[in-house]
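All ligand and atom numbering here is 1-based and tracks the order in the structure.
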Amino acid sequence: MKIHAIQTGTVEIKKNQKIGKGSGVGRLINMLFGREWIEPALPIYAWVIEHPEGIILVDTGETARTAETGYFPRWHPYYNLAVRFHVKPEDEIGAQLRKMGINPKDVKKVILTHLHTDHAGGLSHFPESKIYVNLPEYQRTNGFQGQVDGYLPQHLPRWLEPIPIEFNDELLGGFTKVWRATTKGDIKVVQTYGHTPAHVSVIVESEDVQYFLAGDASYSEQNLLHKTADGVSPSPKQAIATMQKILALAKQRPLVYLPTHEFDSAVRLNNKTILSV
Ligand SMILES: [Zn+2]
């Protein structure tokens, strides 16, 4: 089994998004109107797992279509004020898989941590794969309210009929529900609610360590260790409770922590750097 980090371009966000400031609506306002941007821009990773049971993808990264005029709703303050994407066509996951010698058709399963555009933007490359989503997360994307909440349901592929992730009761670190994504049981999905109310993360068990494909459970390892919630989580409290569960898991078994938006994730993956808790 091998895990690859695929960087599908970069995203610029505000400092107050990476590290939330204030509470309630003030937190959102601080993020939207904060003057400081994170420099340099953050990576957008997706993860390819070459597994004996078939190729599994965790998230699909962002699409180059984000450069098109009118791609984002003009009325949306977040897209207007607080985010800038930099994705070239060759950065898209489909092109990068082909370069690695993998036909996107051969991706058996796609597991989405959540449906924000920089995680679901590459979905169009996988019409023949099974797409797994936590159902309440998918339902949240619906209609106008979905757009208000920052999703882009108008850009989800028309063929998309995601398979709901079926969680079972199982204790794992601080987590109580687990979906085993492989027959062998070495790839597990846990509920890491916070960044979105039904966000999930993926755990890949290898002989000596567990890789934690965090999605946006936190934007960085530092944020996890300091239990710092981001500026977009509807419930910072829930996000912090999730971080405590991840830290509890890391105390049980050596864990390599791999959030989507941190360059060091790729370095930690290659060096098998264990999270010190
Ligand atoms: Zn997100």
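- The aromatic rings of His195 and His116 sit perpendicular, their planes meeting at an angle over 60°, well past the 30° parallel limit.
- Put simply, His119 stays out of reach of the Zn ion (ligand 1), with no N, O or S atom under 2.8 Å from it.
- You'll find the ring centres of Phe72 and Phe85 inside the 6.0 Å limit.
- Summary: OD2 is the N/O/S atom of Asp216 found nearest to the Zn ion (ligand 1).
- Restricting His116 to its N/O/S atoms, the shortest distance to the Zn ion (ligand 1) is reached by ND1.
- The same ILVMFWY cluster, assembled from side-chain heavy atoms under 4.5 Å apart, contains both Tyr219 and Tyr78.
- The six-membered or imidazole ring of His199 lies away from that of His119, with a centre-to-centre distance of 6.0 Å or more.
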